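FYI, side chains are in, hydrogens and waters are out, and symmetry mates aren't considered; it's all heavy atoms of this structure. Predicted model, so just to flag it, every value in this text is computed and none were measured.
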Amino acid sequence: MKTRILIIFNAILLFSCNKAINNPIQHFEKSPKQRLTHSRMIDLEEFDILKPAHVFRMDDSYMVWDNNNEKMFSLVNFDSKKVIKGIRRGNGPGEIISTISLQVKDGRFLIYDADRRKISRINISSDTTLILKEVEEIGFDKRLFIINYQGSHMIATGLFEDAWLATLKGNGEIISKVDFPSFEETDNTPKMELSMLYLSTHTANKPDNKKVVAATQDLGVISFFNYIDGSILEEYKQLKYYGPDFSLLERGGIAWSKDGLIGFCGLDCDDEYVYALYSGRTFNEHGMLSHHCENLLVYDWDGNPVKHYILDIPMYSMKYDKKNNSIYGIGYHPEGVFVEYQLDNLNSSDNKM
């Protein structure tokens, strides 16, 4: 009798362990899978773009953020070959000290300078020059990191100490906060270091602005929120795949493990789906290519897996193009390239690898 009970207990334990989902790829095991060949690739060195990080489309042109050029931004029309460049890194007027966030909002390119705590618009001053025009100075007493600017307020990560994400006004007034995901690895982590673990979190707004999705870059979490009155985040689904792999430094701060899995490096959405660019690589195995992702994971807004695309050229960053039903972004092949992938109809049943 005891032996039978023990067998049943072990079977229950084994079943419970098998049901645990420890990474996004495992979560998508039963979902349709498809290998994608890029539909377009453009060598960015042709436009004197040396180390591209992000790219955003507006109409027929693309704004490319270059991390290794005297002029950091290039507005490029790939068809006409027209390029407009501008904006230097520095402490002077019209320059940037530290660019963290670039986004398109209401037909404008906006950037956030974390050191100056300013949001500025990229303007075209002539046919050949881009300049900065300040939009808003942020009156928050702690450093913000990644900002999703909404106009009257923003969704941000930062050294909040008591929150993972917050919505706040430009004058520093906090509207709402989201608690940190709970992991055993972080149970005894000081609040400042806990904030550091979650700084690299991407967010995207559903087009109707009623929902928001957030995904972490340095660990495996993706969360879905109701966006109440366009200002308050209310989490309704959280997928915790794995926690951070790190150690605390004696004098404060954190050190990331080179064996820790990189998480989500890009995030975007439309009315029906969330598109998440996932790495799953480690620095020990892939070095500087650990943030280059070959996995595009598609969720619905309930957090259910829909489809797993495997990209032939891994992407460093990604945006979704609703008009063309494609994703585009930056890859390295081996130098920096603009790369685009045409997606299929996700409602189709013919989605096999």
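- If you look at Tyr275 and Phe264, their ring centroids are not closer than 6.0 Å.
- Between Tyr320 and Tyr273, a ring centre-to-centre spacing not shorter than 6.0 Å is recorded.
- Cation-pi contact between Lys211 and Tyr236: present, with separation from the ring centre below 6.0 Å and deviation from the ring axis of at most 45°.
- If you check the side chains of Asp115 and Ser98, you find a donor sitting under 3.5 Å from an acceptor.
- Aromatic ring centres of Tyr328 and Tyr62: separated by under 6.0 Å.
- Clustering ILVMFWY residues whenever any of their side-chain heavy atoms sit less than 4.5 angstrom apart, transitively, puts Val76 in a cluster other than the one holding Val337.
- Using the six-membered ring where Trp is involved, Tyr341 and His38 have ring planes that are perpendicular, over 60° apart on the 30 and 60° scheme.
- Ring centroid separation for the pair Phe140 and Phe160 comes in under the 6.0 Å cut-off.
- Tyr332 pairs by the ring-ring contact (aromatic ring centres under 6.0 Å, His included) definition with His292, not counting sequence neighbours.
- Thr167 places a side-chain N or O within 3.5 Å of a backbone atom of Ser176 that can act as its donor or acceptor partner.
- Using a cutoff of 4.0 Å between basic side-chain nitrogens and carboxylate oxygens, Arg116 and Glu137 are not scored as salt-bridged.
- Judged purely by atom type and a 3.5 angstrom limit, Asp43 uses its side chain to pair as donor or acceptor with the backbone of Glu45.
- A donor-acceptor pair is defined here as one N or O able to donate and one able to accept, closer than 3.5 Å; no such pair exists between the side chain of Ser317 and the backbone of Gly329.
- Tyr309 does not carry Lys33 over the face of its six-membered ring by the limits of under 6.0 Å from the centre and within 45° of the normal.
- Formation of a donor-acceptor pair under 3.5 Å by the Ser326 side chain with backbone atoms of Gln342 is not found in this model.
- In this structure, a donor-acceptor pair under 3.5 Å is absent between the side chains of Asn77 and Asp60.
- Using a 30° and 60° split on the angle between ring planes, His54 and Tyr316 fall in the tilted class, from 30° to 60°.
- Taking the six-membered ring for Trp and the full ring otherwise, Tyr112 and Tyr149 have centroids separated by 6.0 Å or more.
- The existence of a salt bridge linking Lys322 and Asp271 is confirmed by a sub-4.0 Å separation between a basic side-chain nitrogen and an acidic carboxylate oxygen.
- For the residue pair Ser195 and Glu161, no side-chain donor N or O sits within less than 3.5 Å of a side-chain acceptor on the partner.
- Under the 3.5 Å distance criterion, with hydrogens and angles disregarded, a donor-acceptor pair is assigned to the side chains of Lys240 and Ser182.
- Note: Phe78 and Phe338 meet the aromatic proximity criterion, with ring centroids under 6.0 Å apart.
- Other residues, nucleotides and ligands contribute only 12 or fewer heavy atoms inside 6.0 Å of the CG atom of Asn188.
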